[in-house]
A.B. asks: 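A single structure is presented below for examination.
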Amino acid sequence: MRIIVHVDMDAFYAAVEERYNPALRSLPVVVGADPKEGNGRGVVTTANYIARRFGIHSALPISRAWRLAEAARKKGEPPTVFIQPNFRLYREVSERIMQIFERSADSFEEASIDEAYLDISSAGAFEAAVERMTALKIEIREKEALGCSIGIGPNKLIAKIASGRNKPDGLTLTRTEMIQEFLDPLPIRVTPGIGPKGEAFLHQQNIRPAKDLSGIPEATLMEWFGKWGQRLFEKARGIDDSEVSNDWTRKSIGEQETFGEDTRSFSLVTERLQGMAERVISKLREKEFAGFRTVTLTVRFFDFETKNRSHSVKNRIALDHDGQAVSLLNEKALALLLPFFDARENPRGKPIRLIGLRLEKLF
């Protein structure tokens with residue numbers, strides 16, 4: 001079972017300023033360019049949650065933020081404090097927080113100065129993950145006097161969306177069986193990768209909540225968005241196979257193929273798998289690796305259920321010039337594939353939509 005966490009620090013820059021100047025905590029705070037009394041250029045970097053009540057948010061022109069703050073002040077709200085960013089301080093605090101994250105995870109990925117992904121699959125169950133992440137929130141609060149919001153799910157996509165659902169100081173769990181129910185009512189804009197232009201285009205097609213998006217055929221999305229349409233089709237269903245890794249050294253090489261039509265044909269799948277084996281061995285050589293130890297096969301069925309099976313060899317498989325590595329990889333891949341054509345991994349005989357082959361533990 002994969003258990004992935006996305007941690008997002010709440011209004012990070014503003015919260016750091018409040019930590020070092022407690023007098024700010026009851027005031028609206030905006031970190032960004034100098035507003036110059038409404039004539040400033042630049043944008044808001046972040047705003048605390050008091051200032052957000054006035055409509056001030058990240059990337060808003062600083063001149064507009066000033067006008068909104070003034071309008072709120074004239075209605076009796078406290079004056080907004082505008083602060084120019086101290087990135088050196090923010091990086092120092094971020095480094096300490098990232099060390100806490102890394103110690104708490106099986107694997108860790110720093111996504112930005114104020115957010116990270118954690119793989120905590122070793123927790124074994126979502127209930128245990130909630131306990132571990134509750135303790136993490138307490139630790140960050142005690143050591144850094146800062147709050148964060150956490151999303152827990154079966155992959156990075158769901159964890160990322162979940163972390164934004166109950167801000168600030170939230171903890172949102174989305175189990176595998178809850179994914180579609182969780183996504184359906186959400187606006188399409190929460191889907192990572194859909195920006196203002198994409199949202200406007202989809203609205204023109206009368207697509208607003210994620211439920212509408214999940215009903216659009218893959219071919220239509222690819223017609224609208226090109227190759228990214230296929231990824232959007234998967235995102236609308238909460239599918240994400242990406243790994244959590246903060247090591248930019250390549251740890252695996254592989255590829256996937258989505259069939260033109262769902263299939264139960266063993267000969268077709270094995271034919272494509274053999275071609276895939278040749279190509280990934282070629283990629284391995286191009287990247288100047290000497291071999292691999294682990295083979296992972298991914299199978300996605302027509303209903304988007306996805307399963308992975310892996311096999312590690314004791315003595316590793318080294319590359320050579322006579323095709324032996326390809327032959328050995330084909331043998332291992334076929335052994336991993338066979339259970340998907342019988343009751344072991346596919347008791348209902350479901351047709352296959354996608355296969356993937358990945359080499360890991362490279363050397």
Side-chain angles (χ1 to χ4, degrees), residues 1-4 119 121-122 124-126 153-158 174-184 214-219 221-222 229-244 252-281 292-313 317 326-361:
M1 173 191 289
R2 290 185 81 205
I3 304 177
I4 308 300
D119 186 327
S121 299
S122 62
F126 284 114
N155 58 50
K156 290 169 70 175
L157 172 68
I158 296 302
T174 304
R175 302 172 186 272
T176 305
E177 63 272 18
M178 298 163 53
I179 287 177
Q180 209 59 55
E181 179 184 354
F182 171 67
L183 291 177
D184 279 351
S214 66
I216 304 301
E218 182 177 13
L221 290 175
M222 292 184 70
Q230 182 180 27
R231 184 70 192 100
L232 184 57
F233 182 77
E234 294 178 343
K235 285 184 176 185
R237 288 154 179 77
I239 297 171
D240 182 15
D241 299 328
S242 58
E243 299 177 12
V244 173
S252 67
I253 284 179
E255 63 176 59
Q256 295 181 340
E257 179 179 350
T258 301
F259 299 126
E261 295 182 359
D262 304 330
T263 182
R264 294 189 181 90
S265 171
F266 181 72
S267 61
L268 173 63
V269 176
T270 53
E271 177 189 341
R272 300 296 175 83
L273 192 59
Q274 287 170 1
M276 201 173 283
E278 293 177 3
R279 292 191 295 274
V280 294
I281 290 294
F292 58 96
R293 185 177 175 187
T294 299
V295 181
T296 297
L297 178 75
T298 298
V299 171
R300 181 166 296 146
F301 296 108
F302 81 104
D303 58 358
F304 294 93
E305 180 185 13
T306 304
K307 294 186 177 183
N308 296 291
R309 299 186 74 240
S310 297
H311 176 73
S312 295
V313 297
I317 296 177
V326 174
S327 177
L328 288 171
L329 177 55
N330 274 324
E331 176 186 324
K332 303 300 180 187
L334 180 60
L336 293 171
L337 176 67
L338 284 171
F340 290 102
F341 282 88
D342 60 35
R344 287 172 289 176
E345 294 285 355
N346 191 8
R348 297 181 181 178
K350 295 190 291 187
I352 294 173
R353 168 184 171 80
L354 170 150
I355 58 168
L357 185 65
R358 188 169 69 252
L359 307 182
E360 300 171 304
K361 297 185 179 177

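Note that the structure is a prediction, hence the values are computed from the model and not measured.
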A.B. asks: Please name all residues satisfying side-chain hydrogen bond (donor to acceptor under 3.5 Å, both in side chains) with Thr263, sequence neighbours left out, ordered by chain then number.
C.D. replies: none

A.B. asks: Stepwise, does the side-chain contact (heavy atoms from CB on, under 4.5 Å) test hold for Leu357 with Leu329?
C.D. replies: CA-CA 10 Å; Leu357 185 65; Leu329 177 55; 4.1 Å; yes

A.B. asks: With Thr294, which residues qualify under side chain to side chain contact (heavy atoms under 4.5 Å, CB included), at least two apart?
C.D. replies: Thr296, Ser310, Ser312, Glu360, Lys361

A.B. asks: I need the Met178 CE to Phe126 CZ distance, nearest 0.5 Å.
C.D. replies: 9.5 Å

A.B. asks: Answer whether the closest heavy-atom distance between the side chains of Val299 and Asn346 falls below 4.5 Å.
C.D. replies: no

A.B. asks: With Arg353, which residues qualify under salt bridge (Lys or Arg N to Asp or Glu O under 4.0 Å), at least two apart?
C.D. replies: Glu218

A.B. asks: To check you understand the geometry: which heavy-atom pair defines the closest contact between Ile179 and Pro154, and what is its length?
C.D. replies: CD1-CG, 3.7 Å

A.B. asks: At what distance, to the nearest 0.5 angstrom, does CG of Asp241 lie from OG1 of Thr306?
C.D. replies: 6.0 Å

A.B. asks: Give me the atom names and distance for the closest heavy-atom approach of Ser214 to Arg237.
C.D. replies: O-NH2, 2.5 Å

A.B. asks: Between Phe302 and Ile352, is there a side-chain heavy-atom distance shorter than 4.5 Å?
C.D. replies: no

A.B. asks: Restricting to salt bridge (Lys or Arg N to Asp or Glu O under 4.0 Å), what partner residues turn up for Arg175, sequence neighbours left out?
C.D. replies: Glu127

A.B. asks: In terms of ring plane angle, is the pair Phe341 and Phe266 parallel, tilted or perpendicular, where the classes change at 30° and 60°?
C.D. replies: perpendicular

A.B. asks: Mind running side-chain contact (heavy atoms from CB on, under 4.5 Å) on Ile253 and Phe292 for me, showing each step along the way?
C.D. replies: CA-CA 10 Å; Ile253 284 179; Phe292 58 96; over 6 Å; no

A.B. asks: State which residues pass salt bridge (Lys or Arg N to Asp or Glu O under 4.0 Å) with Glu278; sequence neighbours excluded, sorted by chain then number.
C.D. replies: none

A.B. asks: What distance do Leu328 atom CG and Ile317 atom CD1 have between them, rounded to the nearest 0.5 Å?
C.D. replies: 5.0 Å

A.B. asks: On a heavy-atom basis, which atom in Gly349 and which in Arg264 lie closest, and how many Å separate them?
C.D. replies: O-NE, 2.6 Å

A.B. asks: Please collect all side-chain hydrogen bond (donor to acceptor under 3.5 Å, both in side chains) contacts where either partner lies in residues 266-275, sequence neighbours excluded, each pair once.
C.D. replies: Glu257-Arg272, Ser265-Ser267

A.B. asks: Do the numbers put Arg300 on top of the ring of Phe304, so that NZ or CZ is under 6.0 Å from the six-membered ring centre and no more than 45° off the axis?
C.D. replies: no

A.B. asks: Output a table of donor-acceptor pairs, distance under 3.5 Å, between side-chain atoms of residues 330-339 and any protein atom two or more places apart or on a different chain; print 'none' if there are none.
C.D. replies:
unit_1, atom_1, unit_2, atom_2, d
Asn330, ND2, Val326, O, 3.4

A.B. asks: Report yes if some heavy atom in the side chain of Phe340 is under 4.5 Å from a heavy atom in the side chain of Ile355; otherwise report no.
C.D. replies: no

A.B. asks: Listed by chain and number, what are the side-chain hydrogen bond (donor to acceptor under 3.5 Å, both in side chains) partners of Asp262, not counting sequence neighbours?
C.D. replies: none

A.B. asks: Suppose we screen for salt bridge (Lys or Arg N to Asp or Glu O under 4.0 Å). Which residues come up paired with Asp303, at least two apart in sequence or across chains?
C.D. replies: Lys350

A.B. asks: Hey, what do you get for CD (Glu305) to OG1 (Thr176), rounding to the nearest 0.5 Å?
C.D. replies: 10.5 Å

A.B. asks: Is it the case that atom CD in Glu261 sees more than 12 heavy atoms from other parts of the structure closer than 6.0 Å?
C.D. replies: no

A.B. asks: Mind listing the closest non-hydrogen atom pair of Gln256 and Leu354 along with its distance?
C.D. replies: OE1-CD1, 3.8 Å

A.B. asks: Considering non-hydrogen atoms only, spot the tightest contact between Lys156 and Ser242 and give its length.
C.D. replies: CD-OG, 3.4 Å

A.B. asks: By side chain to side chain contact (heavy atoms under 4.5 Å, CB included), which residues pair with Asn155, not counting sequence neighbours?
C.D. replies: Arg2, Leu157, Ile158, Asp240

A.B. asks: Applying side-chain hydrogen bond (donor to acceptor under 3.5 Å, both in side chains), can you list everything that pairs with Thr258, at least two apart in sequence or on another chain?
C.D. replies: Gln230

A.B. asks: Excluding sequence neighbours, so at least two apart, what forms side-chain hydrogen bond (donor to acceptor under 3.5 Å, both in side chains) with Arg344?
C.D. replies: Asp342

A.B. asks: First locate atom OG1 of Thr174, then atom CD of Glu181, and finally report the distance between them rounded to the nearest 0.5 Å.
C.D. replies: 9.5 Å

A.B. asks: Starting at CD1 of Ile3, measure out to CG of Asp119 and round the result to the nearest 0.5 Å.
C.D. replies: 8.5 Å

